[in-house]
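Heavy atoms only: backbone and side chains are in, while hydrogens, waters and symmetry mates are out. The chain is numbered in sequence order, starting from 1.
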Amino acid sequence: MQINPVMEVIYAAFKLEIANQFFLTNNSLVVTFPDQTHAVISAPQVSPAPDDLNHEPPVIPSLNDQHTFHYLHQHDFDNQTDELLTLQSLDDCRSYLDDICENLLSVPTRNFEVTFPNGTVYLITVDKI
């Protein structure tokens, strides 16, 4: 299964840092919250690169095994185990995704719209299912 580069980064960050149950399917990540509700995260490409000759995929920085600084210092981790984060709600999920965009993607983001240097744009969405 081939996924887009933004979902690759999101999935990799979740694998490193998130204690919630989640799975990846068809360019979407489905997350289960402690109250057994679910959210689906997707990042469809909304605008191709303006240069049709440029078929190079966006360059994504490699991930390390450190928690993202912004998210780590905004939450109370009294109930955390094994240094993994547990997302409690859609708001937590959005906050964590904002942190991924700010700290792991080295590209401009605005309102969950990720724009790569080649002009390719992805829109990250989070919906309750």
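- The shortest non-hydrogen separation linking Ile41 to Ile124 is CG2-CG2, 4.3 Å.
- Contact record, Lys128 with Thr37: CE-CB, 3.7 Å, taken as the closest heavy-atom pair.
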Audit row: Ser42, Asn27, side-chain contact (heavy atoms from CB on, under 4.5 Å) steps and yes/no: CA-CA 6 Å; Ser42 61; Asn27 284 326; 6.0 Å; no

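- Val114 and Cys101 make their closest contact through CG2-SG, 4.2 Å (heavy atoms, listed as atom of the first residue, atom of the second, distance).
- Side chain of Asp98 to main chain of Phe112: no donor-acceptor pair is present (N/O by atom type, distance under 3.5 Å, no hydrogens or angles).
- In this model, no donor atom of one side chain and acceptor atom of the other lie less than 3.5 Å apart for Ser89 and Asp91.
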Before you tell me yes or no, could you show the steps for His38 and Val31 under side-chain contact (heavy atoms from CB on, under 4.5 Å), namely the whole-Å CA-CA distance, both residues' side-chain angles and the distance that decides it to 0.1 Å? CA-CA 5 Å; His38 304 278; Val31 181; over 6 Å; no

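- Side-chain atoms of Asn111 do not come within 3.5 Å of backbone N or O of Glu113 as any donor-acceptor pair.
- Distance check: Thr86 OG1 to Glu17 CD gives 12.0 Å after rounding to the nearest 0.5 Å.
- Residues Phe116 and Tyr122 place their aromatic rings such that the two centres sit under 6.0 Å apart.
- Residues Phe22 and Val30 fail the side-chain proximity criterion, which asks for heavy atoms closer than 4.5 Å.
- Nearest heavy atom pair, residue Leu104 against residue Ala13, reads CD1-CB, 3.9 Å.
- Remark: Asp92 CG to Ile18 CD1 distance equals 9.0 Å, nearest 0.5 Å.
- To the nearest 0.5 Å, atoms OG1 (Thr115) and CG (Leu105) are separated by 11.0 Å.
- Leu24 has its side chain within reach of Met7: a pair of non-hydrogen atoms, C-beta onward, lies under 4.5 Å apart.
- Here the CG-CZ distance, from Leu87 to Arg94, works out to 12.0 Å after rounding to the nearest 0.5 Å.
- The closest side-chain heavy-atom distance from Cys93 to Val126 is below 4.5 Å.
- Not one N or O on the side chain of Asp99 forms a donor-acceptor pair closer than 3.5 Å with the backbone of Ser95.
- In terms of heavy atoms, Leu90 sits closest to Phe33 at N-CZ, 3.8 Å.
- Taken from OG in Ser47 to CG in Leu123, the straight-line distance is 11.5 Å, to the nearest 0.5 Å.
- One hydrophobic cluster, built from ILVMFWY side chains closer than 4.5 Å, cannot hold both Val40 and Ile10; they sit in different ones.
- To the nearest 0.5 Å, atom CG of residue Leu29 and atom NZ of residue Lys15 are 11.0 Å apart.
- Using a 4.5 Å cut-off on side-chain heavy atoms (C-beta onward), Leu16 and Phe14 make no contact.
- One N or O on the side chain of Asn20 and one on the backbone of Thr32 form a donor-acceptor pair closer than 3.5 Å.
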